[in-house]
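In what follows, every heavy atom counts, from backbone to side chain, and hydrogens, waters and symmetry copies are set aside. So that the names make sense, note that chain A is the first sequence line, chain B the second, and so on, each numbered from 1.
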Amino acid sequence: MNLPNYFLADLPPEATLTPALLAEAAMTLRRNRETYLLERSTEQIVRVLVEVAENWMQPENKFRRLAEEYGPQVLGFSAATLRRGLDNFFKQLTRENFRAWLKQELGDERRLDELVASDAEVESGRAAIASGPEFLVHIAAGNIPNAALMSIVTGFLTRSAQFVKCARGTTLLPRLFAHSIYEIDPKLAACLEIAEWRGGDEHLEHVLFAAADWVTATGSNETLYAIRQRLPARAKFLGYGHRVSFGFIANEVLTSFNAKKVVARAADDVVAWDQLGCLSPHVFYVQSGGAIAPDQFAEHLAAELVQREAIEPRGRVPAEVAATIASRRAIYEMRAAHSSETRIWQSAETTAWTVVCEADPQFPQSCLHRFIHIRPVADLEEVLRNADNVRGYVSTVGLAVPDHRVAEFAVRLARWGATRVCPLGQMQEPPLLWRHDGRPALADLITWTDFES
Amino acid sequence: MTTELSVFAARVRDHIGFWSDEFFLGDATNDPAYRKHMDIEFGGLAVMLFTLQYKNNPAYQRLCHVRGIKPSHVNHWTEIPCVPTAAFKELELTCLHPEDRTHVFHSSGTTEQRPSRHFHNADSLALYEASLWPWLCENLRLRISDFRLLSLTPLAEQTPHSSLVHMFDYVRRKMAESDNAFVGRVAEDGSWYLDFNAALSVLRNGSSRKPLLVLGTAFSYVHLLDELEKQNIRLMLPANSRVLETGGYKGRSRTMPKAELHQLITERLGVSAESIICEYGMSELSSQAYEVSDGREVSGVRYQVSGEELHVSGKTEVATRRFRFPPWARARVISPENGREVGEGEVGLLQVFDLANVFSVQAIQTEDLARRCGDGFELIGRASAAEARGCSLMPGN
């Protein structure tokens, strides 16, 4: 891939990053931010981001084509999966969505530009302006690319110099995104740096953390804890730990007329980003008593995954992942041979997809990569009782329930601790306005300056 | 019903006896003519054994039935259906009637709620012992009578369900050593610990310059080495001593990469790297594989073992450390994607076909990742198949 050397991630593989190099990069980013970014209006920044997104939506766009060409080999997603994932991300980046997002998070889309007073502030004779971090470091996890792209978008809105530290082997999309920004607006891109190294490199990270006034990180709870321990006292930290997600399908929607649609939506959630996102389901709980029984649902889903594999194949997996899938399959096959309470459907000759239906309602942890569990349940309460071991770690619950019951279920799930409830089929497509793990991703980075008259 | 298995077990013992004769064992694996006969005999016995196990092991028959495989379909030992090691946790994979099961070996690990169960009787234990002994002796590369013994495990009577300790105890009996050779102890919670002073007294036995054979699990060596370091003790075991190390850690000590463990063993016990022997075994099997560094090149293929290369007398010689089973057990590395055997040098899941498993199932599908290396394999790691039921661990933990 022949891209000019604009970012650290563009350096040839034999080049080694040094603490001095990072210190220099940090200084340059800060300087560029003051020169090129600090005085920009939100409107100007949004205009660039929208234009970049529109370009990415064009099939002939050169960065998109590079992503499709190199992504399957480098990232392990098929070109079709990358296309769908990228479309779902970039179609969100519209002027209207940015406005709505700013309004949702900050009460007014001009908050980052000038002193603004809400009605309540007017009444109390006050106004306020919002400022973002000066130097924002993102420690990005490698499972799916969208999270890092979203972090970058957020950091531009907050007028921050940004350093994105990627997991090894995952710079491709952040890097292409950065180059696509550079193409439209090199000065804006000069406030962004992308690099990768094996997490935990104390020499490099010490320099980076010393420069940061804000660090966001995505990863396992251990990773987040380790990072937090190493931050200087003045640096603020925003950690996104691992989450699991599941779906619930009510028997009322499983009519023979409707089932095909529900199955297709369930397949969407399994296939999206090969099930690797925190918002991807580990299990679909299917309520018994519908026209389609849970194990029939599983069988239909397996048939649907055969079709999906033909048009949107799962990416290639390393041997250890395939071995895990094969080993788990062997266990379920063995159980299926001895009990009618376990059934398994799987792709032949590959580990591309697996559907396991078991009677045990205990929340099962999938090995992902399109390995989905189906569990029959009597009702949502049975689900929540059996998902107690993941309570507090659940991000998204995808629902297929009658419209008139959605609100009731959503409130129940909110009280229980889930942070996002969405229709089945959209689990891995959170909207721009999504509150990440229940937190306002933009507003969390903001420092307010109150003005009292 | 098991009479025919007992008769067959005697036949396997004969087979083992023949191929483990001093005359053959050294040459059998290298001479193509011997090798051919060995393969023919192994294949014939394995296919015959499949017929017997299909008939006598109901849980196994059920698995074969679901896969649509009957004895009449199987013409070659590679067509025999494997059972996953996890099946030993959930099913009674045995040909022995409940009243005939005099012994049971469990998988190790203190955290497992439901261990594997491998049932035995006198016949199957006799076969287990007949299998373990010649291959261990062969891999020690010295007469067993030349050694003194130290086992870092507890005594067999304290750990009746450990196949490993049963094996070490058999070695003790064959060597006519006393219980004092076993310096591991069992804590109240069932975990093992080391009686360090007892270990030290055997290790230091100054009066005898007989080489020492030290047996232990990786975690028991970590305990020993930690204590030696704490007390700042460096030992120099007698020349030709052997250190046999087996198994993983299973939460019983801090874990350590193998290369580091071996280096510390070399430093603290004063034995050369070539004197450290790794064992690969499991409660579900009756034969073991050993990994020794013999410095031979295998069929011209250069194996990179954990990125280490040995530099010997000026020329670079790649270490040929690989695990090998005895002639009566075979390892196969299969692609986890499609179940077919991988090519030379490729990585996949390890299957083991063990003729000595007459009374249970001979064909085992492990969860171990291995690289196919000539007539052996290099161990790469383990697939995380655990937690297939429930979710006691959070992702990322």
Side-chain angles (χ1 to χ4, degrees), chain A residues 141 143 218-225 241-245 278 282-283 316-339 342 344 347-352 356 358 360-368 371 373 386-390 392-393, chain B residues 58-69 81-93 114 333-340 342 346-351 361 363-372 380-397:
Chain A
N143 51 342
T218 311
S220 69
N221 295 340
E222 286 73 18
T223 305
L224 299 187
Y225 182 75
H242 260 307
R243 291 290 181 269
V244 296
S245 297
C278 293
H282 283 250
V283 50
R316 284 175 50 185
V317 296
E320 53 272 26
V321 170
T324 297
I325 295 171
S327 296
R328 290 202 178 190
R329 281 176 165 189
I331 294 171
Y332 292 112
E333 274 179 297
M334 177 263 296
R335 281 187 198 155
H338 288 86
S339 162
T342 300
I344 176 167
S347 51
E349 295 283 304
T350 75
T351 57
V356 172
E358 277 206 311
D360 180 358
Q362 176 88 340
F363 188 97
Q365 194 156 339
S366 166
C367 51
L368 308 177
F371 191 118
H373 292 276
N386 283 286
D388 201 54
N389 51 351
V390 290
Y393 294 97
Chain B
Y60 183 48
Q61 188 185 86
R62 182 91 208 125
L63 274 175
C64 295
H65 177 73
V66 167
R67 293 188 205 170
I69 299 176
C82 287
V83 300
T85 43
F88 282 82
K89 297 179 205 281
E90 302 189 12
L91 304 173
E92 298 195 338
L93 279 165
R114 207 163 32 155
V333 182
I334 58 145
S335 156
E337 287 290 344
N338 57 35
R340 286 192 282 274
V342 302
E346 288 176 356
V347 172
L349 280 169
L350 185 70
Q351 294 183 334
V361 181
I364 304 291
Q365 171 73 59
T366 75
E367 289 162 11
D368 290 312
L369 270 176
R371 187 188 310 281
R372 183 178 166 187
I380 304 285
R382 172 159 285 198
S384 45
E387 295 305 316
R389 195 187 285 275
C391 166
S392 60
L393 294 171
M394 285 309 303
N397 284 3

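In this structure, B/Leu369 and A/Ala319 approach most closely via the heavy-atom pair CD2-O, 4.1 Å. In plain terms, the two heavy atoms of B/Pro84 and A/Met334 that are nearest each other are CG-CB, 4.4 Å. Closest approach of B/Glu367 and A/Ser327 over heavy atoms only: CG-OG, 3.6 Å.
Dense packing is recorded around CZ of B/Arg67, with more than 12 heavy atoms of other residues, nucleotides or ligands lying under 6.0 Å away.
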Apply the test side-chain contact (heavy atoms from CB on, under 4.5 Å) to residues A/Ile331 and B/Lys89: give CA-CA distance (whole Å), side-chain angles for both, the deciding distance (0.1 Å), then the verdict.
CA-CA 10 Å; A/Ile331 294 171; B/Lys89 297 179 205 281; over 6 Å; no
Step by step, would you call B/Glu337 with A/Val317 a side-chain contact (heavy atoms from CB on, under 4.5 Å)?
CA-CA 9 Å; B/Glu337 287 290 344; A/Val317 296; 3.5 Å; yes
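For B/Leu349, the part lying near chain A is the side chain, with the backbone staying farther off; criterion is any non-hydrogen pair under 4.5 Å.
In this structure, A/His338 contributes its side chain and B/Arg62 its backbone to no donor-acceptor pair below 3.5 Å.
Rounding to the nearest 0.5 Å gives a distance of 10.0 Å between CD of B/Gln365 and CD of A/Glu333.
Most heavy-atom pairs under 4.5 Å with chain B, from the set A/Ala326, A/Ser366, A/Ala337: that is A/Ala337. If you tally non-hydrogen atom pairs under 4.5 Å between each of B/Thr366, B/Leu91, B/Ile380, B/Val66 and chain A, the highest count goes to B/Leu91.
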